[in-house]
*Asks:* 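Please read through the structure below; I'll follow up with questions.
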2 protein chains.
Amino acid sequence: METTENYEQLKLENQICFPLYAASRLVTRLYQPLLDELGLTYPQYLVLLVLWEHNGLTVNQVGDRLHLHSNTLTPLLKRLEQQGLLQRRRSTTDERLVQLMLTPEGNSLKKKAACIPSQLAAAADLPPDKALALKALLEELLQKHPSW
Amino acid sequence: METTENYEQLKLENQICFPLYAASRLVTRLYQPLLDELGLTYPQYLVLLVLWEHNGLTVNQVGDRLHLHSNTLTPLLKRLEQQGLLQRRRSTTDERLVQLMLTPEGNSLKKKAACIPSQLAAAADLPPDKALALKALLEELLQKHPSW
DNA sequence: TATATTTGGATCGTATACGATATAATCTTA
DNA sequence: TAAGATTATATCGTATACGATCCAAATATA
């Protein structure tokens with residue numbers, strides 16, 4: 001005999017992870033018209049956010065901040081290099097390390113990007129208090145899994 | 001002259017969309033050991049959640065619920081078909097439509113999946129009240145963009 | 001009813017994600 | 001100091017995402 005209650009939690013509307021997945025994709029799509037003007041994808045933009053704050057980081061140092069490994073980052077970084085936004089160069093003191101140095105073009109893109117956060121917030125159209133509450137809950141979830 | 005304040009919002013720690021992106025990927029990874037036992041990826045699991053509730057939907061009807069288009073769904077559905085979990089068959093009344101019919105194996109996978117939601121909740125380790133608050137905020141964000 | 005438009009899927013190309021593995025450089029330590 | 005372990009990055013294979021486009025079927029409409 002089938003006990004219907006066991007399957008309540010399998011309904012899409014009762015999933016919590018599905019809206020997380022859908023919202024993440026939604027936001028990436030909201031970014032896109034803004035990032036198109038810089039010729040960037042969203043993950044590329046994230047890498048530049050990190051480097052604008054900390055130029056010269058290595059691949060894994062960027063990866064630690066974005067929770068990404070070299071199998072994802074290496075091709076992405078090569079594309080940014082081909083676009084002339086950064087240089088990848090082996091450290092002379094430890095040739096295992098690849099340091100990521102912004103070019104003048106990569107650095108100057110920061111000025112064009114300065115308006116993006118407010119524009120994205122307007123596009124997302126979530127009240128500031130709710131955006132902050134959402135951010136806090138997401139960060140609590142992330143902090144529970146530090147092995148990332 | 002450079003006004004530092006303009007760039008505050010470009011810092012990674014001030015991004016709200018980055019934790020959304022990172023949390024979505026985290027949760028997908030939390031699902032993975034559970035879904036491995038069913039031989040499913042997370043998006044494949046989402047498709048089955050929909051079909052377990054509404055067997056026989058068309059490609060776009062599933063896509064409407066998951067916010068995915070045929071360019072993503074068609075290859076995914078072909079993989080589910082190859083695994084013997086569903087059949088794709090053209091509607092006889094409207095040959096544009098492809099109906100998705102679960103096979104007995106696809107249907108019976110529901111029983112094995114019944115334990116996944118509670119296991120995932122345990123793995124995520126977010127208190128139920130916060131999980132519900134997070135779900136509500138995400139759904140509010142999603143509802144503001146119905147064109148999806 | 002013949003043509004134009006719309007609709008539903010499929011295909012193609014590019015860019016992530018990510019597990020598994022490879023490789024070279026560095027470090028450990030017997 | 002030579003062999004083994006570790007580290008940092010790269011490579012490979014598979015599976016999404018998604019914009020753009022194609023194609024056939026259905027609908028609308030002149």
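All chains are named by letter (A, B, ...) in the order of the sequence lines, taking the proteins before the strands, and each is independently numbered beginning at 1. For clarity, every value in this text was computed on a predicted model and none was experimentally measured.
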*Asks:* Taking only the side-chain nitrogens and oxygens of Tyr21(A), find out if one of them lies under 4.0 Å from OP1 or OP2 of dT16(D).
*Replies:*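 For dT16(D), neither OP1 nor OP2 has a side-chain N or O of Tyr21(A) closer than 4.0 Å.
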*Asks:* Round to a whole Å and report the spacing from CG of Asp36(B) to C1' of dA20(C).
*Replies:*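 The distance from CG of Asp36(B) to C1' of dA20(C) comes to 14 Å, rounded to the nearest Å.
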*Asks:* Which residue in the set Gln9(B), Glu13(B), Glu8(B) passes side-chain hydrogen bond (donor to acceptor under 3.5 Å, both in side chains) when paired with Lys11(B)?
*Replies:*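 Of Gln9(B), Glu13(B), Glu8(B), side-chain hydrogen bond (donor to acceptor under 3.5 Å, both in side chains) with Lys11(B) is met by Glu8(B) alone.
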*Asks:* Do Leu40(B) and Leu85(B) make a side-chain contact, defined as non-hydrogen atoms from C-beta onward lying under 4.5 Å apart?
*Replies:*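 Answer yes - side chains close enough.
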*Asks:* Quick one: side-chain hydrogen bond (donor to acceptor under 3.5 Å, both in side chains) partners of Arg96(B), sequence neighbours excluded?
*Replies:*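 With sequence neighbours excluded, Arg96(B) shows a side-chain hydrogen bond (donor to acceptor under 3.5 Å, both in side chains) to Asp94(B), given in chain and number order.
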*Asks:* Under 4.0 Å between a side-chain N or O of Thr41(B) and OP1 or OP2 of dT14(D)?
*Replies:*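 The answer is no; no side-chain N or O of Thr41(B) sits under 4.0 Å from OP1 or OP2.
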*Asks:* Closer to the 5' end of DNA chain C via nearest nucleotide, is it Thr93(A) or Gln44(A)?
*Replies:*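 Here Gln44(A) is the residue nearer the 5' end.
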*Asks:* Check the distance between dG19(D)'s P and Leu68(B)'s CG and give it to me in whole angstrom.
*Replies:*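 Taking atom P of dG19(D) as the reference, CG of Leu68(B) is at 11 Å.
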*Asks:* Do Leu100(A) and Leu57(A) come close enough that some side-chain heavy atom pair is under 4.5 Å?
*Replies:*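 The answer is no; the side chains never approach within 4.5 Å.
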*Asks:* I'd like to compare against my own output: the B/S/- annotation of nucleotides 1-12 of chain C with a strict under-4.0 Å heavy-atom distance to protein.
*Replies:* ------BSBBBB
*Asks:* Measure the acute angle between the ring planes of Tyr45(A) and Tyr31(A), then classify it against the limits of 30° and 60° as parallel, tilted or perpendicular.
*Replies:*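 Tilted, since the angle between the ring planes falls between 30° and 60°.
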*Asks:* Applying side-chain hydrogen bond (donor to acceptor under 3.5 Å, both in side chains), name anything that partners Ser118(A), two or more places apart in sequence or on another chain.
*Replies:*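 side-chain hydrogen bond (donor to acceptor under 3.5 Å, both in side chains) list for Ser118(A), sorted by chain: empty.
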*Asks:* Rounded to the nearest Å, what distance is computed from the CD atom of residue Gln32(B) to the P atom of nucleotide dT14(D)?
*Replies:*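 Going from CD in Gln32(B) over to P in dT14(D) covers 16 Å.
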*Asks:* Got a sec: does the CD of Glu105(B) have more than 12 other heavy atoms crowding it under 6.0 Å?
*Replies:*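 Result for CD/Glu105(B): enclosed.
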*Asks:* Would you kindly give the NE2-to-P distance between His69(A) and dT11(D), to the nearest whole Å?
*Replies:*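 So the NE2-P distance, His69(A) to dT11(D), works out to 18 Å.
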*Asks:* Rounded to whole Å, please give me the gap between CZ in Arg25(A) and C1' in dT16(C).
*Replies:*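 One finds 14 Å between C1' of dT16(C) and CZ of Arg25(A), rounded.
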*Asks:* dA15(C) C1' sits how many Å from Gln82(A) CD, rounded?
*Replies:*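 Answer to the nearest Å: 13 Å.
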*Asks:* In whole angstrom, give the distance that lies between atom CZ of Arg79(A) and atom P of dG13(C).
*Replies:*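 Rounded to the whole Å, the gap is 16 Å.
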*Asks:* Rounded to the nearest Å, what distance is computed from the CG atom of residue Leu100(A) to the P atom of nucleotide dA8(D)?
*Replies:*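 Rounding to the nearest Å, CG of Leu100(A) and P of dA8(D) are 14 Å apart.
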